[in-house]
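Working notes, beginning with the structure itself.
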Amino acid sequence: MNHVKKEIVAMLLAGGQGSRLYALTQDMAKPAVPYGGKYRIIDFPLSNCINSGIDTVGVLTQYQPLVLSEYIGNGQPWDLNRTHGGVHVLPPYETASGKSWYAGTANAIYQNMSFVDRYNPEYVAILSGDHIYKMDYSEMLDFHKKHNADATIAVLEVPWEEASRFGIMSVDENDVITEFAEKPKEPKSNLASMGVYIFSWKVLKQYLIANEKDENATKDFGKNIIPDMLADKCKMVAYHFSHYWKDVGTIDSLWEANMDCLDPNVPLNLYDNNWKIYSRNPVMPPHYAGPNSKIENSMVAEGCNIYGTVDFSILFSGVTVEEGAVVRDSIIMPNTVIKKDAVIEYSIVGEDCVIGEGSHIGERPETTIDKDKWGVAVVGHKVNISDNAEVKAKAMISESV
Amino acid sequence: MANMSNVLGLIFANMHDSTISDLTKLRTMGSVPFGARYRLIDFTLSNMVNSGINTVGVITKANYQSLIDHIGSGAEWDLSRKTGGLHILPPYGHINGGLYRGRLEALAGVLDFIRHNDAEYVLISDTDVIANIDLKKVLESHERTDADITVIYAKTVCDAERARTKTILSVNDTGKVYDVLVRPEISGEHNVSLNMFLMKKEFLQQLIIDKAGKNLYSFEVDVLQHMLNELNIYGYKFEGYNAQIDCIKTYFASNMELMNPHVRKELFTGDSPIYTKVRDEAPAKYGLDSECKNSIVADGCIIEGKVENSVLFRGVKVGKNAVVKNCILMQDTVVGEKCEMNYVITDKDVMIGNYRSIGGTETYPIFVGKGASV
């Protein structure tokens, strides 16, 4: 098949395990983790791509790819089912010289250079599949072109005390990157890399090939490609981003990022028709609020049946909250049933769980005796909690009890 | 075994338009919004697809832009197919087409479409019925009774006013129809036709040609009634939940019936879901001090006031301290702060300003037309 040339191709790194999400990423990669009442994290970069006019996307999968591959399918929900381009899931594969897992982010792109080359693009966007943000990549591409750069890295100002958790850029007065440090102990700047890069493909390709030949390299963008290009005086510029961006790598940050959807002061508008976040929609009827239900400050998706109380919470599609049950400050993932009189506080409950009658999941920080041991409680996917059971704050339940 | 891929589905999208003229002023009966996120045709289309029908023709007459916008390529019903799939059949699409007076004339207009399909059976259906029907069972019954025509019906109580829009059957123990009343002046419990008919394609083609030659156009009168003695007409009794929309009162009441968990369960759960156009809205959001009781609410709604016994379509906004009771608010209706609404149906994109108070009654809900500002 002859391929129509594309100006830019996006490569979405979606193979990460997200090991700090424990039970929630036991059978799915981090980009597949449910978020915001109806989305999975990967909906954000995918929707950003299509909204930015990028219609050719490779999704690199490795860890537990089933949920993710099935979810992406032919890309129709994101309008990425295209005759030319569209979305393609790219798992590791076997070659004549043997099998090889993706050894690092750079190696994953290296192994798929032939995919990118089919579209003969000028530019390639390297995106991470595990962040919540709305960003117009076309503006970033304009910036890249205007500066005639070899690489453009999207950066975000972070609080100084958190800077050592990120890849940190130092820039000159023209936003040209002068120094890059991966998770520095003593950061010289507070401009953090968001894991969003645009490269001129010809240049990146050389560095990927060279990096692959270096046996000591870790084959990672942050550890190799960026420092190598910087050392060679490639033109690298920082593209400033000042809107909502959240890494949901931990239980606490996942809980917070979800709660951000309920906070009118947080600038993440999911109701904006000019920048929709697309997702695979479940085929379910509208949600039903029962005659004695109490719902406040919450997001409720389709197919839910609510007979109890829901406050400061996010309910994904198909959740049932029975009479007398209370859900507060919690996230309940799709198709879970909260039985009569159960109480759920400061918790994340996975998909397809049954929470037994009268059970109590999680604790409020103000009522916990040992404040240091407080944290959000997690019930993994497909877990049944028996009647009247108690699950403490910060507990992590991955098997039925 | 009944092979449903042998069945061609034909839907009359404009039939019954006049029964709810407020709602069909700008659209077809098939595209009338229902149940917070659906259009009436979704039930007919989903029933056909869930039963295994792969090819569906939608016969239109007037006002069909909204219908085309809604069903598009048919992808949401899995009807965007290489073989078969969805076909919209507008009135002047064929040489014999034009504005028709009844089902037979409408079918005559799309005779070429029917001829060129290699299905063995044709199922023709209106869009006025809310039900989740397994049509495989209808074909099984049709084959078992060796009927010429199988009419799907339900036992329904209706008053004289409603009966005047109905076709009523008398059926014996074997299911054979022995009497047909068209728009009669009666009331009580009767076998009411759900306006879905199954027959062999060859048989239907011949019927269309014969009747067109005699300038006859009514399927109920000229076929069911007048040919009752020469044909084998059987009934298939549908026992599940069904609602037939025949006036604004029944439209209102059947929307409200969705608050009943048994009705929702029968219509929407299980292996035969009701599909509709996807709008990619965020989940519904409830604000501080919001209240919502006994209501069904679609995605994209933002509720900051109080809602009770109501149906809220996608993207409806209810302002702070507003009270919405016994209402059907269609897509993107905005209710201002401190409004009071009782027994109101708003069409799409209606804007109710702050502090307004609007009220109707159960038997006479107030209707606010599309795009109106109050």
Side-chain angles (χ1 to χ4, degrees), chain A residues 35-39 43 47 50 74 76-79 81 258 261-264 268-273 275-307 310-320 334, chain B residues 34-38 42 46 50 73 75-78 80 258-261 263-265 267-269 271-304 307-317 332:
Chain A
Y35 169 84
K38 76 179 288 197
Y39 309 98
D43 287 329
S47 302
I50 196 68
N74 69 348
Q76 185 267 337
W78 305 271
D79 236 349
N81 51 337
N258 271 282
C261 299
L262 303 176
D263 186 343
L268 175 72
N269 183 5
L270 298 174
Y271 299 84
D272 177 8
N273 283 334
W275 201 270
K276 270 195 180 178
I277 302 302
Y278 300 97
S279 64
R280 197 170 279 281
N281 285 258
V283 182
M284 287 197 184
H287 77 259
Y288 173 67
N292 303 316
S293 68
K294 271 191 78 170
I295 314 170
E296 280 183 81
N297 315 305
S298 294
M299 263 166 98
V300 180
E302 302 203 299
C304 287
N305 284 293
I306 301 166
Y307 294 90
V310 177
D311 196 8
F312 278 107
S313 293
I314 299 207
L315 269 52
F316 284 74
S317 61
V319 167
T320 301
Chain B
F34 182 85
R37 70 190 294 254
Y38 302 98
D42 293 341
S46 302
N50 289 333
S73 69
E76 264 106 5
W77 297 267
D78 254 343
S80 175
L258 296 176
M259 313 299 170
N260 180 334
V263 171
R264 284 203 312 283
K265 194 169 176 212
L267 281 180
F268 301 119
T269 50
D271 294 329
S272 50
I274 304 299
Y275 301 93
T276 189
K277 185 181 175 179
V278 165
R279 246 187 57 152
D280 289 292
E281 296 273 7
K285 193 166 176 174
Y286 290 89
L288 278 168
D289 302 319
S290 65
E291 214 180 279
C292 186
K293 292 188 194 302
N294 196 41
S295 294
I296 58 168
V297 179
D299 272 3
C301 287
I302 300 182
I303 301 176
E304 299 187 277
V307 177
E308 206 178 319
N309 303 331
S310 294
V311 174
L312 269 53
F313 282 73
R314 295 187 270 203
V316 167
K317 293 186 176 65
D332 298 323

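- Of the atoms belonging to Asn281(A), it is side-chain heavy atoms, and not backbone ones, that fall under 4.5 Å from chain B.
- Note: Gly287(B) leads Pro273(B), Gly315(B), Ala36(B), Gly287(B) in heavy-atom pairs under 4.5 Å with chain A.
- Of the possible donor and acceptor atoms, none in the side chain of Asp280(B) sits under 3.5 Å from a partner among the backbone N and O of Tyr278(A).
- Side-chain N or O atoms of Tyr271(A) include one that pairs as donor or acceptor with a backbone N or O of Pro283(B) at under 3.5 Å.
- For the pair Arg264(B) and Asn305(A), the minimum side-chain heavy-atom distance is below 4.5 Å.
- At least one donor-acceptor pair under 3.5 Å links the side chain of Arg37(B) to the backbone N or O of Met284(A).
- With a threshold of 4.5 angstrom between heavy atoms, Lys38(A) approaches chain B through its backbone and through its side chain.
- In terms of non-hydrogen atom pairs under 4.5 Å with chain A, the most contact-rich of Thr276(B), Asn294(B), Leu258(B) is Asn294(B).
- Of the two parts of Asp289(B), the backbone and the side chain both hold a non-hydrogen atom closer than 4.5 Å to a non-hydrogen atom of chain A.
- In terms of heavy atoms, Pro286(A) sits closest to Val297(B) at CB-O, 3.3 Å.
- When heavy atoms are compared at a cutoff of 4.5 Å, Phe313(B) does not approach chain A at all.
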Practice prompt. Determine, step by step, whether Tyr286(B) and Val300(A) satisfy the side chain to side chain contact (heavy atoms under 4.5 Å, CB included) criterion, reporting the C-alpha distance in whole Å, the side-chain angles of both residues, the deciding distance to 0.1 Å, and the verdict.
Written response: CA-CA 8 Å; Tyr286(B) 290 89; Val300(A) 180; 3.8 Å; yes

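- In this structure, chain A has a heavy atom under 4.5 Å from the side chain of Val278(B), while its backbone stays farther away.
- In this structure, no portion of Phe316(A) lies under 4.5 Å from any heavy atom of chain B.
- The greatest number of non-hydrogen atom pairs below 4.5 Å with chain B, out of Pro285(A), Gly37(A), Pro77(A), Ser317(A), is found for Pro285(A).
- Neither the backbone nor the side chain of Asp311(A) comes within contact range of chain B; no heavy atom of the residue lies under 4.5 Å from a heavy atom of that chain.
- In this structure, Lys293(B) contributes its side chain and Ser293(A) its backbone to a donor-acceptor pair below 3.5 Å.
- Remark: the backbone N or O of Leu288(B) is not paired with any side-chain donor or acceptor of Glu296(A) at under 3.5 angstrom.
- For Leu312(B), no part sits under 4.5 Å from any heavy atom of chain A, backbone or side chain.
- To the nearest 0.5 Å, atom NZ of residue Lys294(A) and atom OG of residue Ser290(B) are 10.0 Å apart.
- A distance of 9.0 Å separates CD1 of Ile295(A) from OG of Ser295(B), quoted to the nearest 0.5 Å.
- Listed for the Lys285(B) side chain is a donor-acceptor partner under 3.5 Å among the backbone atoms of Cys261(A).
- By the 4.5 Å heavy-atom criterion applied to side chains, Cys292(B) and Tyr288(A) are not counted as neighbours.
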